[in-house]
Amino acid sequence: MSSQNIEVAVAELDMITDVFNRIVSSCHSKCINPRYSEADLNKGESVCVDRCVAKFFEVNKKVGERMQSMGGAGAGGAGGGGSPFGM
Amino acid sequence: MSSQNIEVAVAELDMITDVFNRIVSSCHSKCINPRYSEADLNKGESVCVDRCVAKFFEVNKKVGERMQSMGGAGAGGAGGGGSPFGM
Amino acid sequence: MSSQNIEVAVAELDMITDVFNRIVSSCHSKCINPRYSEADLNKGESVCVDRCVAKFFEVNKKVGERMQSMGGAGAGGAGGGGSPFGM
Amino acid sequence: MDLSSLSPAENAQMQRIIERKQMQDFMKLYSGLVERCFTSCVSDFTSKSLSSKEESCVLNCTDKFFKHSERVGARFAEHNADMMNQAQQGR
Amino acid sequence: MDLSSLSPAENAQMQRIIERKQMQDFMKLYSGLVERCFTSCVSDFTSKSLSSKEESCVLNCTDKFFKHSERVGARFAEHNADMMNQAQQGR
Amino acid sequence: MDLSSLSPAENAQMQRIIERKQMQDFMKLYSGLVERCFTSCVSDFTSKSLSSKEESCVLNCTDKFFKHSERVGARFAEHNADMMNQAQQGR
């Protein structure tokens with residue numbers, strides 16, 4: 001079986017990949033014109049993507065701070081916010 | 001390796017968590033105003049959430065009954081309804 | 001632990017299931033009337049589903065060819081296109 | 001999928017993995033279908049019980065989804081058979 | 001969920017699995033919430049910093065999501081208790 | 001990610017896990033991209049073949065998605081580097 005260390009590292013890797021994929025998807029929806037008349041990002045899209053990533057990280061930080069201030073948003077605890085087991 | 005018992009219990013846990021997450025997401029879409037001008041659930045939202053959960057469980061039951069009446073909707077069999085292997 | 005062979009076969013199985021589920025979902029959105037006034041696929045929906053599956057496979061092929069022509073879209077490499085680790 | 005390159009022991013293990021995956025897939029299919037039919041059929045929350053109209057919508061939605069999946073499955077299988085034939089002729 | 005049929009050793013292993021799953025679920029909850037609040041609250045990309053209006057939207061979105069989840073969790077628990085009672089009366 | 005706290009054996013195991021995950025992620029990226037470009041580019045089902053307009057849309061969609069992902073990846077890496085610098089200065 002995997003050691004504790006490996007498990008923590010894999011969880012961290014999953015977390016980073018998940019965040020990355022969500023940014024790709026969210027900023028694609030916000031910035032990329034879905035008519036696809038050209039293969040390149042145009043100027044407007046490129047600038048939008050840069051700002052979109054920056055803002056996503058800001059939202060990430062705000063939500064994280066908020067959850068921590070709710071108390072006990074540590075690993076494994078949903079800070080009292082909704083699990084089907086009421087634990 | 002895990003025993004049969006553990007596997008069944010983990011599958012049940014996954015199922016419950018999946019249903020819970022789908023209710024949270026569906027009832028959020030149906031009931032919560034996405035303008036977020038306030039931090040609390042207002043009266044209308046609260047009542048909507050309660051009814052939404054009740055109705056989701058009713059739909060869950062109807063779909064389950066329907067699938068069972070289709071015949072053989074037991075564990076592992078999709079009741080003849082669409083798997084890529086035609087098994 | 002699983003052998004290399006098993007891992008490859010499981011990966012292939014996951015891939016096929018994933019593609020199948022995406023076709024079911026995409027063609028449902030494109031072809032099925034969400035008012036559900038009847039239990040059967042009507043003529044128009046049936047024809048639409050057949051063409052939808054055919055077109056999905058064509059898109060699958062085009063995207064695959066495009067990714068290969070980008071160079072190095074082999075197993076494990078995203079062809080230079082966006083991983084959070086810049087590897 | 002070509003499982004002929006697996007040893008008998010590997011094959012047996014593969015069957016167990018496939019069975020477990022099928023059960024997981026079935027669970028996801030089920031809860032995904034409930035969510036889909038709920039989303040399409042229920043949008044009135046002045047009551048906590050399904051109306052008869054909503055109930056009939058849910059039943060039709062369930063039936064139609066399975067018929068749809070079966071049809072996709074049939075086209076999918078034909079496509080895979082075509083691919084295999086082409087691959088063998090290419091040898 | 002009825003874990004009484006598990007042996008003590010199985011029970012201990014089950015607790016470890018549950019703990020790991022809770023951590024994974026928490027991670028997904030967190031990143032899903034960030035995505036949800038970002039999608040609802042941010043749609044102006046003329047600047048690379050959040051406006052005060054966007055920031056207040058994000059905070060309300062976070063608070064409201066937890067209150068919503070808690071309420072769903074309470075109804076969910078009641079429903080499960082009802083189901084258990086019905087199952088026991090049916091014995 | 002700081003892997004320096006892992007032993008050499010753990011590190012080797014971690015590399016194998018990362019490789020497997022990268023393959024899975026690549027598969028998902030691929031099928032997700034197909035679905036995305038199909039959804040955006042194909043909506044006429046009077047024929048069972050792609051029109052030349054649909055085909056060109058699909059190719060542009062594919063190219064653009066990779067360029068988009070690369071750009072996000074670059075910003076993401078910069079952000080992570082900034083975070084690491086801040087963490088080190090905080091020591």
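Chain naming here is simple, since letters A, B, ... match the order of the sequence lines and numbering starts at 1 in each.
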Gap separating the [atom1] atom of [X] from the [atom2] atom of [Y], nearest 0.5 angstrom:
X	Y	atom1	atom2	value
D:Phe66	B:Met67	CZ	CE	3.5 Å
D:Asp44	B:Cys52	CG	SG	11.5 Å
B:Arg22	D:Arg36	CZ	CZ	9.5 Å
B:Asp18	D:Lys28	CG	NZ	7.0 Å

> Quick one: of D:Glu54, D:Lys67, D:His68, who has the most non-hydrogen atom pairs under 4.5 Å with chain B?
Replying inline: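 Of the options given, most contacts go to D:Glu54.
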> Pick from D:Met27, D:Arg71, D:Glu35: which one has the most heavy-atom pairs with chain B under 4.5 Å?
Replying inline: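 Highest number of pairs under 4.5 Å: D:Glu35.
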>> Which atoms of D:Gln24 are under 4.5 Å from chain B, going by heavy atoms: the side chain, the backbone, both sets, or neither?
In response: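 Neither part.
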> Which atoms of D:Val72 come close to chain B, meaning under 4.5 Å heavy atom to heavy atom: side chain ones, backbone ones, both, or neither?
Replying inline: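 Contact with chain B is absent: no heavy atom of D:Val72 under 4.5 Å.
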>> Given heavy-atom pairs under 4.5 angstrom as the criterion, report whether the side chain, backbone, both or neither of B:Asn60 touches chain D.
In response: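 For B:Asn60, backbone and side chain are both near chain D.
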> Hey, is the main chain of D:Val42 close enough, under 3.5 Å, to the side chain of B:Lys30 for a donor-acceptor pair?
Replying inline: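 Flag set: sc B:Lys30 to bb D:Val42 pair under 3.5 Å.
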> Would you say B:Lys62's side chain and D:Ser56's backbone share a donor-acceptor pair under 3.5 angstrom?
Replying inline: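 The answer is no, because no donor-acceptor pair under 3.5 Å joins these two groups.
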>> Looking at every non-hydrogen atom in both residues, tell me the closest pair between B:Ala11 and D:Met23 and how far apart they are.
In response: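 So the minimum-distance heavy-atom pair works out to CB-CE, 3.6 Å.
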> Salt bridge between B:Arg66 and D:Asp63, side-chain N to carboxylate O under 4.0 Å?
Replying inline: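 Salt bridge flag = yes for D:Asp63 with B:Arg66.
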